[in-house]
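Values below: all heavy atoms of this structure, side chains included; hydrogens, waters and symmetry mates excluded.
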Amino acid sequence: MNKKLDINTIHRYLSGECTPQERLRVTNWIDADPLNREYFDSIKKVWDVSPLPKLNVDSKKAWLILSRRVGIKPAFSQKTEIFPLEKLKYQGYLKSDIYSNYIRVAAIILVTIITGYLVQYHVNSDQTEQLTAEMKDLVTEHGEQAQVTFSDGTEVILNSASSIQFPDKFYSSKREVYLDGEAYFKVAHNSEQPFVVHTQGADVEVHGTEFNIRGWSQDPNVEVVVREGKVSVNASDTGQEEHKGVILTKGLHTSVRKGQNPLPPQKVDVRNNLLWLSGGLHFDEKPFHQVITDIERRFDVQVSVAPDDLLEIPYTGTFQYAKLDEVLSVITAAMEIEYSRNGSNINFYKRKTI
């Protein structure tokens with residue numbers, strides 16, 4: 001059993017307060033060893049008995065209260081602790097007095113200690129392999145791209161102003177990563193360990209394929225297109241009564257508006273969606289404010305527009321290899337507007353009429 005997982009992390013997991021990275025860490029740890037799962041289940045059973053309001057609890061005091069009630073010799077002394085806890089934090093929805101809170105905390109500690117003793121009969125802690133995945137971050141700035149190969153052989157190209165979080169090794173039943181931005185994935189096939197990409201608006205699950213995800217947290221939509229293979233796309237958080245996912249195969253595209261189910265698949269020219277891989281840009285009836293955002297990400301510039309009514313005008317255009325001056329000239333000619341540029345600052349404005 002891996003003893004290095006902090007119990008506070010387990011408590012945050014049970015209360016729903018943990019971050020996506022902590023959630024992945026806990027699930028990896030549970031899947032790594034049956035004894036870890038047994039340990040987790042024993043804590044969860046106590047946790048489920050009586051939810052608590054959020055508070056800090058002194059674990060030593062909690063244990064002393066319980067020991068007096070059930071006649072067990074206190075596990076804590078003034079100088080030593082049998083279990084390395086200082087404070088436990090909880091999140092719940094039912095009110096309870098402080099005394100009951102201490103009893104429940106002490107019960108959790110008791111189960112933890114008993115489980116620890118049982119494990120000692122079966123596992124030599126010095127020989128237990130460390131199976132907790134270390135999370136890594138890859139971040140690109142505006143105007144940058146990056147490439148990474150995961151431990152399973154999956155290849156990822158990360159677009160500008162994007163980030164991806166992934167474990168150094170995939171130990172759990174699923175290979176899970178977290179994307180904010182745009183990335184192209186070439187996933188190594190493993191039918192027994194599906195690959196899942198989480199964004200703030202959608203979850204994409206595959207077994208082995210090539211696909212592109214566009215999912216910046218500040219954008220309203222997540223877009224997915226498949227080059228090879230098959231993926232399933234589901235909204236990660238929707239107010240809809242019924243969650244309806246879609247299946248995408250080669251050449252199909254879907255869009256997921258945050259809080260809603262994915263749109264039905266549509267046939268698209270995948271090459272246009274992947275132009276960014278070779279330095280290109282493609283816009284298909286995109287509102288001008290989205291065009292501006294892409295230009296800022298791609299070229300590391302700051303763009304202003306006046307008046308504001310220009311922001312909602314749709315624009316369509318394709319640039320096989322995008323150079324900033326060319327992009328600005330073509331856009332302004334097509335939209336019949338003007339621009340000025342001072343270094344990295346660009347201003348679009350309406351053309352003066354005579």
Practice problem: Mind checking the CG-OG1 spacing from Asn272 to Thr318? Nearest 0.5 Å is all I need. | Solution: 5.0 Å

Quiz item: Looking just at side-chain N and O atoms, do Trp276 and Asp294 make a donor-acceptor pair shorter than 3.5 Å?
Solution: no

Quiz item: Can you tell me how far the CG atom of Asp325 sits from the CD1 atom of Ile346, to the nearest 0.5 Å?
Solution: 8.0 Å

Exercise. Side-chain contact test, heavy atoms from C-beta onward, threshold under 4.5 Å: evaluate it for Asn221 versus Lys258 and give yes or no.
Key: no

Self-check item: Hydrophobic cluster identity match, Val206 and Val256, side-chain contacts under 4.5 Å
Solution: yes

Quiz item: Counting only N and O atoms by type, is there a donor-acceptor contact under 3.5 Å from the side chain of Asn212 to the main-chain atoms of Val225?
Solution: no

Exercise. Report yes or no: do Phe166 and Leu24 belong to one cluster of Ile/Leu/Val/Met/Phe/Trp/Tyr joined by side chain heavy-atom distances under 4.5 Å?
Key: no

Quiz item: Salt bridge between Lys350 and Asp309, side-chain N to carboxylate O under 4.0 Å?
Solution: yes

Quiz item: Between Ser162 (side chain) and Glu182 (backbone), is there a donor-acceptor pair under 3.5 Å?
Solution: yes

Quiz prompt | Asn234 versus Gly245, closest heavy-atom pair with distance | solution = OD1-CA, 3.2 Å

Quiz item: When the ring planes of Phe150 and Phe170 are compared, do they come out parallel, tilted or perpendicular, using 30° and 60° as the limits?
Solution: perpendicular

Quiz item: Can we say Arg257 and Asp219 salt-bridge, meaning some charged N sits less than 4.0 Å from an Asp/Glu carboxylate O?
Solution: no

Quiz item: How many angstroms lie between CD1 in Ile313 and CZ in Phe288, if you round to the nearest 0.5 Å?
Solution: 8.0 Å

Quiz item: If you take all heavy atoms of Tyr184 and Phe211, which pair is closest and at what distance?
Solution: CD1-O, 3.4 Å

Practice problem: Check the surroundings of atom CG in Asn342: do more than 12 heavy atoms from other residues, nucleotides or ligands lie under 6.0 Å from it? | Solution: no

Exercise. Check whether any side-chain N or O of Thr140 sits under 3.5 Å from a backbone N or O of Ala146 as a donor-acceptor pair, and report yes or no.
Key: no

Quiz item: If you count the non-hydrogen atoms of other residues, nucleotides and ligands that lie under 6.0 Å from CZ in Arg341, is the total more than 12?
Solution: yes

Quiz item: Is there a side-chain contact between Val305 and Ile292 (heavy atoms, below 4.5 Å)?
Solution: yes

Quiz item: Do the non-hydrogen side-chain atoms of Leu275 and Tyr321 ever get within less than 4.5 Å of each other?
Solution: no

Quiz item: Is there a donor-acceptor pair under 3.5 Å between the side chain of Thr332 and the backbone N or O of Glu338?
Solution: no

Quiz item: Do Met135 and Ile10 sit in the same hydrophobic cluster, where Ile, Leu, Val, Met, Phe, Trp and Tyr count as joined when their side-chain heavy atoms come under 4.5 Å apart?
Solution: no

Quiz item: Given the rule in the side-chain contact (heavy atoms from CB on, under 4.5 Å) test, do His289 and Glu312 qualify, once you have shown the distances and angles that lead to the verdict?
Solution: CA-CA 7 Å; His289 66 79; Glu312 299 303 324; 3.5 Å; yes

Quiz prompt | Note, Ser173 side chain near Gln193 side chain (heavy atom, < 4.5 Å) | solution = no

Exercise. Grab the two heavy atoms, one from Arg298 and one from Ala322, that are nearest each other, plus how far apart they are.
Key: NH2-O, 3.5 Å

Quiz item: Any idea how Phe283 and Phe319 line up, ring-wise: parallel (<30°), tilted (30 to 60°), or perpendicular (>60°)?
Solution: perpendicular

Exercise. Report yes if some heavy atom in the side chain of Val301 is under 4.5 Å from a heavy atom in the side chain of Ile295; otherwise report no.
Key: yes

Quiz item: What's the verdict on side-chain contact (heavy atoms from CB on, under 4.5 Å) for Val226 and Leu252, showing C-alpha distance, side-chain angles and the deciding distance?
Solution: CA-CA 6 Å; Val226 175; Leu252 293 182; 5.7 Å; no

Quiz prompt | Whether over 12 other heavy atoms sit under 6.0 Å from Gln147 CD | solution = yes

Practice problem: Using the side-chain contact (heavy atoms from CB on, under 4.5 Å) rule, take Asp180 and Gln218 through it: C-alpha gap first, then chi angles, then the decisive distance, then the call. | Solution: CA-CA 9 Å; Asp180 185 350; Gln218 62 266 40; 4.3 Å; yes

Quiz item: Do Leu138 and Ile164 come close enough that some side-chain heavy atom pair is under 4.5 Å?
Solution: yes

Quiz item: Checking Asn159 side chain against Ala183 main chain: does a donor-acceptor pair fall under 3.5 Å?
Solution: no

Quiz item: Thinking salt bridges, do Arg175 and Glu192 make one under a 4.0 Å N-O criterion?
Solution: no

Exercise. Determine, using the 4.5 Å side-chain heavy-atom cutoff (strictly less than), whether Ile213 and Ile157 are members of one ILVMFWY cluster.
Key: no

Quiz item: Nearest heavy-atom pair of Thr254 and Pro262: which atoms, and what distance?
Solution: OG1-CB, 3.8 Å

Quiz item: Does Lys174 come within less than 4.0 Å of Asp31, counting only side-chain N to carboxylate O?
Solution: no

Quiz item: Val139, Val177: one ILVMFWY side-chain cluster at the under-4.5 Å cut-off?
Solution: no

Quiz item: Rest of the hydrophobic cluster containing Trp216 (Ile/Leu/Val/Met/Phe/Trp/Tyr, side-chain heavy atoms under 4.5 Å)?
Solution: none

Practice problem: May I have the step-by-step check of side-chain contact (heavy atoms from CB on, under 4.5 Å) for Gln200 and Ser236, ending in yes or no? | Solution: CA-CA 7 Å; Gln200 290 196 22; Ser236 57; 5.9 Å; no

Exercise. Specify the closest pair of heavy atoms between Glu176 and Thr27, including all atoms of both residues, with the distance to one decimal.
Key: OE1-OG1, 4.4 Å

Self-check item: Heavy-atom check, side chain of Tyr339 versus side chain of Ile337, under 4.5 Å
Solution: no

Quiz item: Under a 4.0 Å N-O cut-off, is there an ion pair linking Glu336 with Arg351?
Solution: no

Quiz item: Can you tell me how far the CD atom of Glu144 sits from the CZ atom of Arg297, to the nearest 0.5 Å?
Solution: 15.0 Å

Practice problem: Measure the spacing between OG of Ser232 and CG of Asp203 and express it to the nearest 0.5 Å. | Solution: 9.0 Å

Practice problem: Output the distance between atom CD (Glu296) and atom OG (Ser344), rounded to the nearest 0.5 Å. | Solution: 10.5 Å

Quiz item: Hey, does Ile331 have a side-chain heavy atom less than 4.5 Å from the side chain of Tyr315?
Solution: yes

Quiz item: What is the minimum heavy-atom distance between Ala188 and Asp152, and which atoms define it?
Solution: CB-O, 3.2 Å

